[in-house]
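Only one structure is covered here, and it is reproduced in the block below.
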Amino acid sequence: MTVDNALLSDQRLRITALEPFGLALHAVDRGRPPTDLPVPSLRALVREHRLLLLRDFAGFDEPAELSAYGARWGRLSVWPFGTVLELVQQPDPADHIFDHSHMPMHWDGMYREHIPEFQIFQCVHAPGEGNGGETTFSDTAAVLTNADPATRALWSRATGTYHRKMEYYDSTCVSPVVTAHPVHGTPVIRYNEPTAEADERFVNHPDLEFSGLADKSELAELHRGLRAALYDPSHLYAHAWRTGDLVVTDNYTLLHGRNAFTNGAPRHLRRVQVLGDPPLANPGLVR
Ligand SMILES: [Fe+2]
């Protein structure tokens, strides 16, 4: 593990590796403000380890504080609701994002003008022991490294066309399944995992179509193989939230989703998105 020196020499941090990827920085003195840690060092850690957990630091009481913290990392994505998304179950959700259901793997920004480099999540309230609701992250660079050549060749022929209409957008995105990390060119996967159309409990299905494959059996093999690899324990980190956690992720490399949680569990996350420098114009957005 290569850890940035400024943080390695910080006696008030306990640093542990997450499995199968990611790094956790625990505040030794509970309630230390996360603003104590230099953002350039943290940014380097996220780029190297894909995911960084800050645990036992002081929380942010108000959404504006999370937004101000995110702005230390870079320019934030601005949505119709502002910069902070309140991820909390709604009583009669118009979209699965605000439900308690499973959230399929996807990358943030796929339907937006810019793809954020980082996501910063704050756990305002954990769902509670045994209630599920883990946010799932898959390391797609590792998935590709470990895929056998024939499987990788099949995935590399496929292109996904995704259309999704919800409160904040009505957009189409077209992306090869295998593409290159926009900064260093490492092969990564961009994929929105399908959910069964028959699942009526899943609110507001996106429309997905895949081209470049010979027939239905290749298409079935694409989805089967990707699902198996993305959720393989050697590539998947499922974060079990504790109140106060801050998690920062590399959205250029990872795909993420959510495990279903108990209906009515008090799960409350906030999220901001940090754009790259320069911001990455979404190469897949079709107007
Ligand atoms: Fe997302």
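Counting starts at 1 for both ligands and their atoms, in listed order.
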* On the ring face of F261, is R258 found with NZ or CZ under 6.0 Å from the centre and within 45° of the axis? -> no
Electrostatic pair [X]:[Y] at N-O distance under 4.0 angstrom:
X    : Y    : result
R270 : E86  : yes
D108 : R271 : yes
R32  : D10  : yes

* Protein N, O or S atoms lying under 2.8 Å from the Fe ion (ligand 1), listed by chain and number -> H106 NE2, D108 OD1, H256 NE2
* Using 30° and 60° as the class limits, which term best fits the ring planes of F121 and F137: parallel, tilted or perpendicular? ->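 Taking F137 first and then F121, their aromatic rings stand perpendicular (interplane angle over 60°).
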* Assign the ring pair H184 / H181 to parallel, tilted or perpendicular, where the plane angle (0 to 90°) is split at 30° and 60°. => parallel
